**Student:** 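Below: one structure in structure tokens.
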Amino acid sequence: MKFGHRTIINGFGLIMLISCIQLALITLRDQPPKEDLSQRQIQADLAFLLQQVSDNSAYAALYPERLARVTQRVEQQLNSPYLSIKRSEFAAQLLKVLAPLDDTSSMVSDVEVEFTLPIKLQREEDEWLAFNNQDTPLEEDYPFLTHIDGIPMPKWVEASQMFLAPSLQAISTQQSNKLHLLSLLRQEIGIERQDSVRLTLSDGEHTQQLTLALTTASLKPTKATKATKATKANFNNSVEGIFSFNDLEKFKLGSRLEQSLKKAIFSPVTILDLRHAYGRGDQLLTWLAQYYTNPTESAKADFPLPDIYAIGLYRRAPKMRNDYLKPLLFTPYHQLSPQAQQQVDEAIQQIDTPFDERFSSWHARQPQSQHRRLTPPQTPGKLVLLIGPECRQQCQWLVHFAKQWHNTLLIGEPTLGNYDKHHQFTLPKSKISVRVTNSMIYDMQANRLSGVATEPDIFQPVDQDFYWQQVLDLVDNQQTEL
């Protein structure tokens, strides 16, 4: 078959046209989202958000009154007088919209503000201490912050609570984080934009005012994707017996890390920095359990962890696989042994929360690996775990069990109870990513674990630098108090 000159030219032209169309699509796809959103775009995104939360959130299904409050806040946003809004401001408003769900693991990406409070805050009972960036008092003789822009601190705290899940509102560090969103809270209270902030400091009797200039410095965006790896820059990790963890799946039996840890736990104190830890493998949990778990009625004599220690289920959705919880080491009910099914049945009967057809069948979590309980020739030393709100997935399981272990101490901030799977979606107009929890986890005593914080034994803000001697001093003081 022969092709004429015109046919060949037309063929090349068609190929060029297809290539141009593909390049145009790639260019459009890679374009950053618009900075300003119109009212119509806001309406489309809010409608999509509400539909996604209604269809996928486990909390929305279990607590319709929470979904009603989210709906009410969506309507308030729809009725706002703004003809347009900056994308970063819209993202911040979404925190307020989602707060009534009380989903402590929910996330919104690209939350930024124009101005942040240029000082550090630390709550002491009902008062706030003001520090500079070097962690020294802003004014030595006037340590307490009583007013910002002439508005009493309780008013600012009240405004900040609108952007926090109710379960987080009593945690001082969570309050402090939101109090730094100066531009956002000024808008919430009704204060006009200013390039400076006026602080009122007190010594308990007298006051002093201080005015600080503000520079445009937005928050680092909070991504609703896999968390970035934490660095070791804020912890002195040079001393033997101190270990910083990120991905717990990297802990392997027979590795150099295991050998170092095995040597360290027989020293007086071993410190594991889990403030930014995550991962889905349970090797570190089961390895530590063989040294620190006390025998219990729920555990076999030879093994430190029970055969089944949690049950869970997830919110159904189209095209969702039946093994949706498998990455979290959960096994579907029908794949369990008759004995394991009986244990699950007994636990389910104790749960008061009704789960309808919107949820899957029950699953059970079993240890991925077990180590026989050890009777070591010498007693392991004290185990200290540094924890915080970024401790999630397998880290959350580890600190949940460690809270019950003997000779173990938790230092830091409360975790968020992040054991779960999540539904993540992108709003069509703003391209903001949102994440909500779509599973629910219980222990075998029918206590809900999802969203329930593990409290530290000693509270210590995790955004401060930790030094090994500082941690040892906290341990010594705690032992002295006992």
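In what follows, every heavy atom counts, from backbone to side chain, and hydrogens, waters and symmetry copies are set aside. None of these values were measured; they are calculated from a predicted model.
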**Student:** Measure from the side-chain N and O atoms of Glu158 to the backbone N and O of Pro154, and report whether any donor-acceptor pair falls under 3.5 Å.
**Tutor:**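 Flag not set: sc Glu158 to bb Pro154 has no pair under 3.5 Å.
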**Student:** For Ile311 and Met444, run side-chain contact (heavy atoms from CB on, under 4.5 Å): C-alpha distance rounded to whole Å, both residues' side-chain angles, the deciding distance at 0.1 Å, then the answer.
**Tutor:** CA-CA 7 Å; Ile311 55 176; Met444 300 307 287; 3.8 Å; yes
**Student:** Return the SG to CD distance between Cys395 and Glu390, rounded to the nearest 0.5 Å.
**Tutor:**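 Going from the SG atom of Cys395 to the CD atom of Glu390 covers 10.5 Å.
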**Student:** Before you tell me yes or no, could you show the steps for Tyr59 and Val436 under side-chain contact (heavy atoms from CB on, under 4.5 Å), namely the whole-Å CA-CA distance, both residues' side-chain angles and the distance that decides it to 0.1 Å?
**Tutor:** CA-CA 9 Å; Tyr59 290 96; Val436 293; over 6 Å; no
**Student:** What side-chain hydrogen bond (donor to acceptor under 3.5 Å, both in side chains) pairs are there with at least one residue in residues 321-333, not counting sequence neighbours?
**Tutor:**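 Found Arg321-Asp323, Tyr324-Asn438, Tyr333-Asp345.
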**Student:** Hey, does Leu248 have a side-chain heavy atom less than 4.5 Å from the side chain of Gln393?
**Tutor:**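 Counting from C-beta outward, Gln393 and Leu248 never come under 4.5 Å.
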**Student:** Looking only at heavy atoms, which two atoms of Gln396 and Gly417 are closest? And how far apart?
**Tutor:**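 Scanning both residues completely, I find the closest heavy atoms to be OE1-N, 3.0 Å.
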**Student:** Do Tyr419 and Leu328 have side chains that approach each other closer than 4.5 Å (heavy atoms only, starting at C-beta)?
**Tutor:**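 No, side chains not in contact.
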**Student:** Phe243 and Ala264: which non-hydrogen atoms are nearest, and at how many Å?
**Tutor:**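 That would be CE1-CB, 3.7 Å.
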**Student:** Under 4.5 Å between any side-chain heavy atoms of Gln52 and Asp55, yes or no?
**Tutor:**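 No - every pair of side-chain heavy atoms lies 4.5 Å or more apart.
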**Student:** Does the side chain of Pro389 come within less than 4.5 Å of Pro414's, by heavy atoms?
**Tutor:**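 A side-chain contact under 4.5 Å is absent here.
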**Student:** OH of Tyr292 to CH2 of Trp287: how many Å apart, nearest 0.5 Å?
**Tutor:**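 Going from OH on Tyr292 over to CH2 on Trp287, the span is 8.0 Å.
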**Student:** Test side-chain contact (heavy atoms from CB on, under 4.5 Å) on Tyr442 and Gln350; report intermediate values, then the result.
**Tutor:** CA-CA 11 Å; Tyr442 291 81; Gln350 304 176 60; over 6 Å; no
**Student:** Okay, side chain of Asp273, backbone of Arg275: is any donor-acceptor separation there less than 3.5 Å?
**Tutor:**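 A pair under 3.5 Å: yes.
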**Student:** With distance as the sole criterion, is a donor-acceptor pair present between the side chains of Thr136 and Asn132 under 3.5 Å?
**Tutor:**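 Distance-only check passes for Thr136 and Asn132.
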**Student:** Check residues 62-70 and write down every donor-acceptor pair under 3.5 Å in which the side-chain atom is one partner and the other belongs to a residue at least two apart or another chain.
**Tutor:**
{"unit_1": "Arg66", "atom_1": "NH1", "unit_2": "Leu101", "atom_2": "O", "d": "2.9"}

**Student:** At what distance, to the nearest 0.5 angstrom, does CG of Leu274 lie from CZ of Arg392?
**Tutor:**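 Going from CG on Leu274 over to CZ on Arg392, the span is 12.0 Å.
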**Student:** How long is the span from the CD1 atom in Ile387 to the CG atom in Leu410, to the nearest 0.5 Å?
**Tutor:**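 Answer rounded to 0.5 Å: 4.5 Å.
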**Student:** Look at the side chain of Ser202 and the backbone N and O of Phe144, then say whether any donor-acceptor pair between them is shorter than 3.5 Å.
**Tutor:**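 Not a single qualifying donor-acceptor pair exists.
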**Student:** Going by the angle between their ring planes, with limits at 30° and 60°, are Phe266 and Tyr291 parallel, tilted or perpendicular?
**Tutor:**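 It falls in the perpendicular class, over 60°.
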**Student:** Answer yes if the side chains of Asp420 and Thr437 hold a donor-acceptor pair under 3.5 Å, and no otherwise.
**Tutor:**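 Distance-only check fails for Asp420 and Thr437.
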**Student:** Could you check Gln77, Gln93, Gln51, Arg73 and say which one makes a side-chain contact (heavy atoms from CB on, under 4.5 Å) with Leu46?
**Tutor:**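 So, applying the side-chain contact (heavy atoms from CB on, under 4.5 Å) to Leu46 and each of Gln77, Gln93, Gln51, Arg73, only Gln77 qualifies.
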**Student:** So, do Gln175 and Gln161 sit near enough that their side-chain heavy atoms are less than 4.5 Å apart?
**Tutor:**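 Answer yes - side chains close enough.
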**Student:** Would you say Gln169's side chain and Leu164's backbone share a donor-acceptor pair under 3.5 angstrom?
**Tutor:**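 Such a contact is found between Gln169 side chain and Leu164 backbone.
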**Student:** Name the orientation class of the two ring planes belonging to Phe330 and Trp397 (parallel below 30°, tilted from 30 to 60°, perpendicular beyond 60°).
**Tutor:**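 Ring orientation of Phe330 relative to Trp397: tilted.
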**Student:** Counting distance only, does the side-chain N/O of Thr408 pair as donor-acceptor with the main-chain N or O of His406 below 3.5 Å?
**Tutor:**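 Pair found, side chain donor or acceptor close to backbone of His406.
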**Student:** Would you list the pairs meeting salt bridge (charged side-chain N to carboxylate O under 4.0 Å, His left out) in which at least one residue belongs to residues 449-458, sequence neighbours left out?
**Tutor:**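 Sorted pair list: Lys403-Asp457.
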**Student:** Write down the atom of Ile308, the atom of Ala364, and the distance for their closest heavy-atom approach.
**Tutor:**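 Closest approach of Ile308 to Ala364: CG2-CB, 3.9 Å.
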**Student:** Should Val97 and Val74 count as side-chain neighbours, where that means a heavy-atom distance under 4.5 Å?
**Tutor:**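 A side-chain contact exists here, since the closest heavy-atom pair is under 4.5 Å.
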**Student:** If I compare all heavy atoms of Ala61 with all of Arg315, which pair ends up nearest, and what's the gap?
**Tutor:**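 Closest approach of Ala61 to Arg315, heavy atoms only: CB-NH1, 3.6 Å.
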**Student:** Going from CD on Gln394 to CZ on Arg280, what distance comes out if it is rounded to the nearest 0.5 angstrom?
**Tutor:**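 The CD atom of Gln394 sits 11.0 Å away from the CZ atom of Arg280.
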**Student:** Taking atom CD of Gln339 as the centre, report whether more than 12 heavy atoms of other residues, nucleotides or ligands fall under 6.0 Å from it.
**Tutor:**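 Check fails, neighbour count at 12 or below.
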**Student:** Whether the side chain of His423 engages the backbone of Val434 through a donor-acceptor N/O pair (distance < 3.5 Å, no angle test) should be reported.
**Tutor:**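 Not at all, since once roles are kept as given, no pair shorter than 3.5 Å links the two residues.
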**Student:** If you take all heavy atoms of Ala58 and Ser439, which pair is closest and at what distance?
**Tutor:**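 For Ala58 and Ser439, the tightest heavy-atom pair comes out as CB-O, 3.8 Å.
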**Student:** Could you tell me whether the side chain of Ile441 reaches within less than 4.5 Å of the side chain of Ser450, counting heavy atoms only?
**Tutor:**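 Yes - at least one pair of side-chain heavy atoms lies under 4.5 Å apart.
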**Student:** Do Leu138 and Leu145 pass the side-chain contact (heavy atoms from CB on, under 4.5 Å) test, and can you show the C-alpha distance, the side-chain angles, and the key distance before you say yes or no?
**Tutor:** CA-CA 10 Å; Leu138 197 60; Leu145 178 65; over 6 Å; no
**Student:** Minimum heavy-atom separation for Thr104 to Ala165, with atom names?
**Tutor:**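 Heavy atoms only, the tightest pair is CG2-CB, 4.5 Å.
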**Student:** Is there a donor-acceptor pair under 3.5 Å between the side chain of Thr415 and the backbone N or O of Thr454?
**Tutor:**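 A pair under 3.5 Å: yes.
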**Student:** Test your reading of the model: is there a side-chain donor-acceptor pair from Thr286 to the backbone of Asp282, 3.5 Å cut-off?
**Tutor:**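 Yes, because the side chain of Thr286 sits within donor-acceptor range (under 3.5 Å) of the backbone of Asp282.
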**Student:** Does the side-chain hydrogen bond (donor to acceptor under 3.5 Å, both in side chains) test come out yes or no for Ser176 and Gln122, once each step is laid out?
**Tutor:** CA-CA 7 Å; Ser176 176; Gln122 182 176 321; over 6 Å; no
**Student:** Can you tell me how far apart CH2 (Trp156) and NE2 (His147) are? Round to the nearest 0.5 Å.
**Tutor:**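 Reported value, rounded in 0.5 Å steps: 11.5 Å.
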**Student:** Indicate yes or no: at least one non-hydrogen side-chain atom of Leu185 is less than 4.5 angstrom from one of Leu117.
**Tutor:**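 Side chain of Leu185 against side chain of Leu117, heavy atoms only: no contact under 4.5 Å found.
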**Student:** Using a 6.0 Å cut-off, check whether atom CG of Asp126 has over 12 heavy atoms from anything other than its own residue.
**Tutor:**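 Open: at most 12 neighbouring heavy atoms sit under 6.0 Å from CG of Asp126.
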